[in-house]
Amino acid sequence: MTVEPATPAYPHGSDAEMARDALKVLRRAVDSHTDPRQPVEMTVADGGHLEMPGPAAELMIRILGKMAAGQGVTVIPMNAELTTQQAADLLNVSRPYLVRLLESGQIEFRKVGTHRRVMAESLYDYKRRALVAQKDAADELSALGQEMGLI
C-alpha cells in the first residue's frame, strides 16, 4: 500500500501566532514529564482531557515550531513510497540529480514496472548522512584555516 504525503500546511494570518501559543503550552506539558515515553496529559479549552503519546507530543512540538516560524510543514510516514519527483522536491534537488543518486546506490529504491519508488525512510537516511558529511567537511575546513592562520 502506498501512502501519499500530505499537502504542505502553510501558516496563514494568525496561524503562526496560534502555533506559538500552542507550542508554549505543549512544551510546558512535555517538560513536566521525566520520562519522554510516558503519555503527555493536558486539559483542553472545553475542560476535556487530552492524553498524547510522548513521541507524538515531541513531533507536535517540531511541527508547531516550524509553523510559528512561518514555515510550511508536511508529515510523511516513514513507510511512504515516494515518486522520484516527490523525493527530489523533499531534497530540494532536480529529479535528474535524484535519479543519479538512486542509480549510484546512495539512496535505496525499488522499481515498479519502469518507475522508481523511494521509501521515505531511505530518503531521510540519505539526508542524515549528507548532513554529517557536510558538518565533517566544514570542521575540516575550519581546522585547516586555523592551521594556516586564516582564522
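Just so it is clear, the structure is predicted and the values come from calculations on it, not from any experiment.
Using a 4.5 Å heavy-atom threshold, the side chains of Phe109 and Thr84 count as separate. Looking only at side-chain heavy atoms (C-beta outward), Ile107 and Leu98 come within less than 4.5 Å of each other.
The hydrophobic cluster containing Tyr124 also contains Leu82, counting ILVMFWY residues as joined when their side-chain heavy atoms lie under 4.5 angstrom apart, directly or transitively. Residues Tyr97 and Leu102 share a hydrophobic cluster, clusters being chains of Ile/Leu/Val/Met/Phe/Trp/Tyr side chains in contact below 4.5 Å. Placement of Val99 and Val93 in two distinct hydrophobic clusters is found when ILVMFWY residues are connected by side-chain heavy-atom separations under 4.5 Å, directly or transitively. In the hydrophobic cluster analysis, where Ile, Leu, Val, Met, Phe, Trp and Tyr join through side-chain heavy atoms closer than 4.5 angstrom, Met119 is grouped apart from Leu123. When the side chains of ILVMFWY residues are joined at heavy-atom separations under 4.5 Å, either directly or via intervening members, Val73 and Leu26 end up in a single hydrophobic cluster.
Nearest approach of Ala120 to Ile76, heavy atoms of both residues: CB-CG2, 3.9 Å. In this structure, Met67 and Ala19 approach most closely via the heavy-atom pair CB-CB, 3.9 Å.
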Working for side-chain contact (heavy atoms from CB on, under 4.5 Å), residues Arg100 and Glu103: CA-CA 5 Å; Arg100 286 195 299 274; Glu103 295 299 331; 5.9 Å; no
Should Ser104 and Gln106 be marked as a side chain to side chain donor-acceptor pair (under 3.5 Å) after you check the CA-CA gap, both sets of side-chain angles, and the distance that decides it? CA-CA 6 Å; Ser104 70; Gln106 294 184 54; 3.1 Å; yes
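Checking each of Val30, Val25, Leu23 against Arg27 for a side chain to side chain contact (heavy atoms under 4.5 Å, CB included) leaves exactly one that passes, namely Leu23. The only option from Lys111, Arg110, Arg116, Arg117 that meets the salt bridge (Lys or Arg N to Asp or Glu O under 4.0 Å) definition with Glu81 turns out to be Arg110.
Counting non-hydrogen atoms of neighbouring residues, nucleotides and ligands closer than 6.0 angstrom, the NE2 atom of His49 exceeds 12 such neighbours. The environment of CD in Glu51 is crowded: more than 12 heavy-atom neighbours from other residues, nucleotides or ligands sit within 6.0 Å. Summarising the local packing, CD of Glu108 is surrounded by 12 or fewer heavy atoms from other residues, nucleotides or ligands at distances under 6.0 Å. Within 6.0 Å of atom CZ in Arg129, more than 12 heavy atoms from other residues, nucleotides or ligands are found, so the atom counts as buried in its surroundings.
Between the NZ atom of Lys66 and the CD1 atom of Ile61 there is a distance of 14.0 Å, given to the nearest 0.5 Å. In this structure, Asp21 CG and Leu64 CG are separated by 10.5 Å, a value rounded to the nearest 0.5 Å. Between the CD atom of Glu58 and the CZ atom of Arg62 there is a distance of 9.0 Å, given to the nearest 0.5 Å. One finds the OG atom of Ser122 at 14.0 Å from the NZ atom of Lys127 (value rounded to the nearest 0.5 Å).
With hydrogens and angles disregarded, no donor-acceptor distance shorter than 3.5 Å links the side chain of Arg95 to the backbone of Ala88. The main-chain N or O of Gln86 is never found under 3.5 Å from a side-chain atom of Asp89 such that the two would form a donor-acceptor pair.
Note on Arg28 versus Asp31: no salt bridge recorded, every NZ/NE/NH1/NH2 to OD/OE distance being 4.0 Å or above.
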